[in-house]
Protein chains: 2
Amino acid sequence: MNSHGQLPPKARLLQAAAELLANSAGKPVSTRQITELAGVTAPTLYHHFGDKEGLFNAVIDAGFEEYVAGEHNFTPTGRPLVDVRQIWDNHLKFGLDNPQLYSVMFGNIRPESRPARVAEAEGFMEEMLEKAAAAGQLCVSPQEAARSILAANVGVTLMLIAEPAAERNFDLSDMTREAVISAVSSETELDAAGAPVGASSVVVAAIALNAALESSHPEQLSTTELKMFLEWLDRIAKTS
Amino acid sequence: MNSHGQLPPKARLLQAAAELLANSAGKPVSTRQITELAGVTAPTLYHHFGDKEGLFNAVIDAGFEEYVAGEHNFTPTGRPLVDVRQIWDNHLKFGLDNPQLYSVMFGNIRPESRPARVAEAEGFMEEMLEKAAAAGQLCVSPQEAARSILAANVGVTLMLIAEPAAERNFDLSDMTREAVISAVSSETELDAAGAPVGASSVVVAAIALNAALESSHPEQLSTTELKMFLEWLDRIAKTS
DNA sequence: TAGCACCTATAACATCGCTATATGAAGTGA
DNA sequence: TCACTTCATATAGCGATGTTATAGGTGCTA
């Protein structure tokens, strides 16, 4: 009756759960459905995964990471903010393709399991944003930027999941995405001919800071501290 | 045994449901709990509210609207975008005060019932944004703006609900709020008080340099020098 | 062979949302 | 006053859910 005869029970459970979660649009999936499709009985599920949520988390572990950042959907371009857009779109696509799974991950309360998943999603985002920050494209810390972008991404995804697939207007996603990205980025878009900032990014940033300090002196440092700071900054800026 | 003896059963059910939803942090609330606290039996619930979700919707109808836009929390200022900020903050506060109720409303999938609630919340936002549009402060349609702002608002609220109350950082809310508002508004970037938004260029440059140094350490400074340098850099970056 | 983990099945438990049916109360018209 | 209707509540139970106590294999090591 099931088509997973040759796999071990644990893998069959994972596969059955993923299949049912993906196909049953919206409606909850029961453990009995899962075990029946997998061709095992209930205790097998609880032996391997603890409880229903454990199984769902395992499905997510197996699928989410590769789906969002996997090779099929994402190849870094070297331009951080472009990659951030790609991460946003992949996140949205994952949510729309796996609405049930997505709501378990992001729409639920559970203060125990959710932060781990959220932190993972934040990780991708932050990784990219650190590169953006290194290139001087960020006006806030990568952590703050990642949290803000992810929050908006989740909100948009839940919003679009909730409305009928036929009426979905992706302008909402594009508009909100650009809003949060432009709010955390410090400069206008990097132009098409703009050279990617590689190993010299430290120097570039040091020069930029040096120039900025010319016109505005921070109150956080004493004059002696500032003098020494500027000297070191100068040493860094003269590298090449 | 219950404290709602004098009210009619329908009102007792509403009150019991609201009380249980507000207090049982995270865990689902059963119809049996509700009917027991209300001092009635199951069919009474289904007679008045159809099903469990109908009762929850009734609780929301009774509480959400007045909470978000009620007199106690909201008095229009006449400046539409200021009011939009107030709606955002009230929305967030409602979510944090009623996490269980909130997740039923916004974190769930149900494509049948959710859009109605969402549309209601969108209504408040759109109302204000139409005034903003009439005043020439919008660069997109009020509908689009309301959807984008609400989506971000929901995402931020779910994000903050999910993390322990002690660690909640409301900068996430403020930052994201200003991001989406400024993206839909046609005016130059001004905050609530009318001052330009954005960090100074010194801070921007400091953050960029800090991030750049994460991946590449310069050889021009000794480790002790670098340590002190990074500390000062951190102090500068935290200005604002 | 004996023993020992590991894995799985039988069978059931407690609870869930919900309802078929019946009973009481309250008004209405004769 | 007496049916008759209508609304509101209760009794009792259904089917489905997540979960588990118990026991039976299955294969490996000694």
Side-chain angles (χ1 to χ4, degrees), chain A residues 1-2 4-21 23-60 100-101 103-105 108-110 112-114, chain B residues 1-2 4-21 23-60 100-101 103-105 107-114:
Chain A
M1 194 41 76
N2 72 72
H4 321 291
Q6 71 284 13
L7 280 76
K10 185 172 180 178
R12 269 181 290 159
L13 278 168
L14 276 173
Q15 192 164 332
E19 194 175 318
L20 289 172
L21 280 170
N23 294 350
S24 79
K27 306 298 172 196
V29 176
S30 73
T31 58
R32 281 178 172 79
Q33 286 178 268
I34 297 171
T35 55
E36 186 185 2
L37 179 60
V40 299
T41 52
T44 304
L45 190 162
Y46 293 91
H47 172 72
H48 287 292
F49 300 102
D51 61 358
K52 187 184 182 179
E53 195 174 338
L55 173 57
F56 285 0
N57 280 337
V59 172
I60 292 168
Q100 181 69 35
L101 213 53
S103 85
V104 172
M105 294 171 60
N108 234 1
I109 297 291
R110 297 268 105 79
E112 315 91 26
S113 70
R114 204 180 99 108
Chain B
M1 202 34 71
N2 71 72
H4 320 294
Q6 70 285 11
L7 282 75
K10 186 172 178 178
R12 270 181 290 159
L13 278 167
L14 276 173
Q15 192 164 334
E19 192 175 318
L20 289 172
L21 280 170
N23 294 353
S24 77
K27 306 300 170 195
V29 177
S30 72
T31 60
R32 281 176 172 80
Q33 286 178 269
I34 297 171
T35 55
E36 186 184 4
L37 179 61
V40 298
T41 52
T44 304
L45 190 160
Y46 294 92
H47 174 71
H48 288 293
F49 301 102
D51 61 359
K52 187 186 184 180
E53 196 173 338
L55 172 57
F56 284 179
N57 281 337
V59 172
I60 292 167
Q100 180 69 36
L101 213 52
S103 84
V104 172
M105 294 171 58
N108 234 0
I109 296 290
R110 297 273 99 79
E112 315 91 25
S113 72
R114 203 179 99 107

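Below, chain A is the first sequence line, B the second, and so on; all start at residue 1.
- Toward the 5' end of DNA chain C, the nearer of the two residues A/Val40 and B/Pro43, judged by each one's closest nucleotide, is A/Val40.
- Taking CG from B/Leu21 and CD from B/Gln33, the interatomic distance works out to 9.5 Å, rounded to the nearest 0.5 Å.
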Contact list (N/O, under 3.5 angstrom) for nucleotides 12-16 of chain C vs protein:
unit_1: C/dC16; atom_1: OP1; unit_2: B/Ser30; atom_2: OG; d: 3.2

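- When the C1' atoms of four end pairs are superposed on the next four at each end of the helix from C/dT1-D/dA30 to C/dA30-D/dT1, using five pairs per end, the two resulting axes differ in direction by 20°, to 10°.
- Under the side chain to side chain donor-acceptor pair (under 3.5 Å) criterion, B/Thr41 pairs with no residue at all, not counting sequence neighbours.
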Using a cutoff of under 3.5 Å, can you pull out all pairs of nitrogen or oxygen atoms linking the protein to nucleotides 6-8 of chain D, with atom names and distances?
unit_1: D/dA8; atom_1: OP2; unit_2: B/His47; atom_2: NE2; d: 2.9

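- Remark: C1' of C/dC18 and CD of B/Glu53 are 14 Å apart, rounded to the nearest angstrom.
- Atom pair A/Ile34:CD1 and D/dT19:C1' shows a separation of 14 Å (rounding to whole Å applied).
- In this structure A/Ala58 satisfies the side-chain contact (heavy atoms from CB on, under 4.5 Å) test together with A/Leu14, A/Phe49, sequence neighbours excluded.
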Taking N or O atoms only and anything under 3.5 Å, show me the protein contacts with nucleotides 24-27 of chain C, one pair per line.
none

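- Remark: C1' of C/dT19 and OH of B/Tyr46 are 9 Å apart, rounded to the nearest angstrom.
- Summarising the geometry, the separation between CG on B/Leu13 and C1' on C/dC18 is reported as 15 Å, rounded to the nearest angstrom.
- With rounding to whole Å, B/Leu45 atom CG is found 9 Å from C/dG17 atom P.
- The shortest side-chain heavy-atom distance between B/Ile34 and B/Leu13 falls under the 4.5 Å cut-off.
- Atom CZ in B/Phe49 sits about 14 Å away from atom P in C/dC18, given to the nearest Å.
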